[in-house]
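For reference, the structure is listed below as structure tokens.
What you see below is based on every heavy atom in this structure, not just the backbone, and it leaves out hydrogens, waters and symmetry mates. Each chain gets a letter, A, B and so on, in the order the sequences are listed, and its residues count up from 1. Treat the numbers as computed from the prediction; the structure is a model and nothing was measured.
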Number of protein chains: 2
Amino acid sequence: MQWKNKMNEYMLMVNDALETYIGEHQSVNEEVFEAMKYSLFAGGKRLRPVFSLAVCELLGKEPKQAIPYACALEMIHTYSLVHDDLPAMDNDEMRRGKPTNHIIYGEGIAILAGDGLLNKAYEIMIDHTLKLENPSFGLKAMKSIADASGTNGMIGGQTADLLNEGKKVDERTLAYIHHNKTGALIAAALKAGSYMAEVDDDEAEGWERIGYALGLAFQIQDDLLDIEGNTSEMGKPAGSDERNKKMTYPALYGIEASRERMDELTKEVQMFLKPYGEKSNFLVMLTSALMNRRS
Amino acid sequence: MQWKNKMNEYMLMVNDALETYIGEHQSVNEEVFEAMKYSLFAGGKRLRPVFSLAVCELLGKEPKQAIPYACALEMIHTYSLVHDDLPAMDNDEMRRGKPTNHIIYGEGIAILAGDGLLNKAYEIMIDHTLKLENPSFGLKAMKSIADASGTNGMIGGQTADLLNEGKKVDERTLAYIHHNKTGALIAAALKAGSYMAEVDDDEAEGWERIGYALGLAFQIQDDLLDIEGNTSEMGKPAGSDERNKKMTYPALYGIEASRERMDELTKEVQMFLKPYGEKSNFLVMLTSALMNRRS
């Protein structure tokens, strides 16, 4: 299947770049670099960076143009997982089939490794944007990512999630959590990728909008898998959301309605991609695969 | 004393801007905004932002040009304190005479508030840089701040500090910790301020170098105060470094040698400022006051 080759190609680009970006350390601060690398190379699917590269290429530019912003997104996603897994947050000991960061390095280093990944994301983007002939697209990509990651984006979503753990949340709160905790960073991946193809703000906002639809579909599928999946395929215990008393889409709306909503959103994404014809094949296939995944 | 009026003027500018930058929230993510504001307005001396504004003004520009970068520095400094105070790090319950962030809001929200402040620092700088006619100086100021804050700067210093707690460290390790944990952000404050006055890289690096001297002098004075000061003036228990088994400059070199080194560094800073004549009065006075402070 050709799209899988493309996926591997993008993933290799991202992994190579991440290795380079982590950079040099001295013996005295080595531990925080080790901890950052541990979580960065713990088997993440690289979905967010791949979305950025794919959108950039679909819009006619070299995917490597988006690499610094794509890698920054992956670092931000990874830091959010490291902090989210801490005892004071979700208190998870396993992630992607491996012990979580603080289990290996201790809580103090895990906090610093998360901080380090977040800061490094900006170091990379700023360095690259400084070298651009026209920095305005780099700054716009950075703004998309920064806004999506902050207290009115991902961190806001995590706050609402943390404060509502074990509570019955209403539809509005659940929508806020999904929109911000998962949706914002996926939407930023598509938007930043489009800016690296130098589109105007209207077109970039179109990609952002469809990114939110994709993010919600992905979240619903994640929640469905948590109910139906099996532990070894997922790398975390099935049913953990229920045990952690996380409010999920299927818990609020039921399994059937959740599946319908997911299909609806997937169709919306694919309708958006259709006018791009063959160039959108990869994203169409990837979206289908994500919605049919077993883990 | 005229320099104190100037100090108040700068502090008011910073406080007003910080209030504005914190921005809008919804009820669902309100708690993380409250936690961020709590630590941001817990009585910090605003030294780093004041240094940025003062250098920018000394070099002939309006100090307000440096405001976004100055406020970003204060947010980064504040986030580092919030995370540093956590039980997994220094486990401090009091700071500046008030309960620390996690004592009031809980560890989970304190972690998110720290993350939120760090991310907000970049949101502010990116937003402002996007609006500049010539974004390259904004990007350079951002790069100075990002590099100083990361794993080869402040976070590296915190890592070395955390891993060496309770150990007898050698001179090299102590120098690394001081250079990075305190020095880097003060050096970045001066450097970023100079970039906002549109100086070239050589001149900016001169300000950075003198910032490191100032940072080390400030750190030594801090450590001396911890030994000699009294609890109510400092807002944290005197002697807490010794009880926490923190390695300090006086512990390694003795009180007398520490005072001498501090005086030497202060002279170095004032020699650097001298050629600027009257325009440097404020920074000369502020430096003297810092080295003679009682808390």
Side-chain angles (χ1 to χ4, degrees), chain A residues 23-26 28-33 36 76 79-80 83 86-89 102 106-116 118-123 126-127 129-130 135-136 138-140 142-143 146-147 149-160 162-164 172-173 176-177 180, chain B residues 23-26 28-33 36 76 79-80 83 86-89 102 106-116 118-123 126-127 129-130 135-136 138-140 142-143 146-147 149-160 162-164 172-173 176-177 180:
Chain A
E24 300 294 320
H25 59 80
Q26 298 175 50
V28 79
N29 61 348
E30 188 179 1
E31 185 114 342
V32 77
F33 279 80
M36 286 158 72
I76 291 172
Y79 113 78
S80 79
H83 281 186
L86 287 166
M89 308 275 285
H102 64 276
E107 279 181 58
I109 291 292
I111 293 167
L112 290 172
D115 296 344
L118 174 55
N119 199 79
K120 182 78 78 184
Y122 290 104
E123 291 172 55
I126 294 164
D127 265 354
T129 304
L130 253 169
S136 80
L139 281 162
K140 285 179 180 188
M142 281 170 72
K143 180 169 165 57
D147 290 347
S149 306
T151 37
N152 285 318
M154 187 183 70
I155 296 171
Q158 284 174 303
T159 303
L162 179 69
L163 296 177
N164 286 291
R172 227 177 107 235
T173 306
Y176 177 89
I177 294 173
N180 288 288
Chain B
E24 299 296 318
H25 60 78
Q26 299 174 51
V28 78
N29 61 346
E30 187 178 1
E31 185 114 344
V32 77
F33 279 82
M36 287 159 71
I76 291 172
Y79 112 78
S80 80
H83 281 186
L86 286 165
M89 309 275 283
H102 64 274
E107 279 182 57
I109 290 293
I111 293 167
L112 290 172
D115 296 345
L118 174 55
N119 199 80
K120 184 77 78 183
Y122 290 104
E123 290 172 56
I126 294 165
D127 265 354
T129 304
L130 253 170
S136 79
L139 281 162
K140 284 179 181 188
M142 280 169 74
K143 180 171 166 55
D147 289 348
S149 306
T151 38
N152 285 317
M154 187 183 71
I155 296 171
Q158 283 173 303
T159 302
L162 179 68
L163 296 176
N164 287 290
R172 229 178 105 234
T173 307
Y176 177 89
I177 293 172
N180 289 288

Review point. Can you say whether L86(B) sits under 4.5 Å from chain A via the side chain, the backbone, both, or neither, judging by heavy atoms?
Key: side chain
Point to revise | Shortest non-hydrogen contact from L130(B) toward S136(A) | key: CD2-O, 4.2 Å
Point to revise | Residue selection (most heavy-atom pairs with chain A, distance under 4.5 Å) from K120(B), Q26(B), H102(B) | key: Q26(B)
**Study point:** Separation of K140(A) NZ from I126(B) CD1 (nearest 0.5 Å)
**Key:** 14.0 Å
**Study point:** Side chain / backbone / both / neither for L162(B) at chain A, heavy atoms under 4.5 Å
**Key:** side chain
Exercise for review: With the side chain counted from C-beta on, respond yes when M142(A) and M142(B) share a heavy-atom pair under 4.5 Å apart, and no when they do not.
Suggested key: yes
Exercise for review: Sort out for me which of G156(B), G116(B), A160(B), G150(B) touches chain A most, counting heavy-atom pairs under 4.5 Å.
Suggested key: G150(B)
Review point. What is the minimum heavy-atom distance between I111(B) and A88(A), and which atoms define it?
Key: CD1-CB, 4.2 Å
Exercise for review: Tell me, for I109(B) versus chain A, whether the close heavy atoms (under 4.5 Å) come from the side chain, the backbone, both or neither.
Suggested key: both
Practice item. Can you tell which part of M154(B) gets under 4.5 Å to a heavy atom of chain A, answering side chain, backbone, both or neither? Key: neither
Practice item. Please state whether the side chain, the backbone, both or neither of K143(B) comes within less than 4.5 Å of a heavy atom of chain A. Key: both
Review point. Can you find a heavy atom in the side chain of D115(B) that is under 4.5 Å from one in the side chain of D115(A)?
Key: yes
Check your understanding: Under a 4.5 Å cut-off applied to non-hydrogen side-chain atoms, are M89(A) and L112(B) in contact?
Key -> yes
Exercise for review: Answer yes or no: is there a donor N or O on one side and an acceptor on the other, between the side chain of N119(A) and the main chain of T151(B), under 3.5 Å?
Suggested key: no
Review point. Can you check whether N180(B) reaches V28(A) side chain to side chain, under 4.5 Å on heavy atoms?
Key: no
**Study point:** Partners meeting ring-ring contact (aromatic ring centres under 6.0 Å, His included) with H83(B) (sequence neighbours left out)
**Key:** H83(A), Y79(B)
Review point. Of the backbone (N, CA, C, O) and the side chain (C-beta and beyond), which part of E24(B) lies under 4.5 Å from a heavy atom of chain A, both, or neither?
Key: backbone
Review point. Checking N29(B) side chain against N152(A) main chain: does a donor-acceptor pair fall under 3.5 Å?
Key: no
Check your understanding: Out of T173(A), I76(A), I177(A), D127(A), which one racks up the most heavy-atom pairs below 4.5 Å with chain B?
Key -> D127(A)
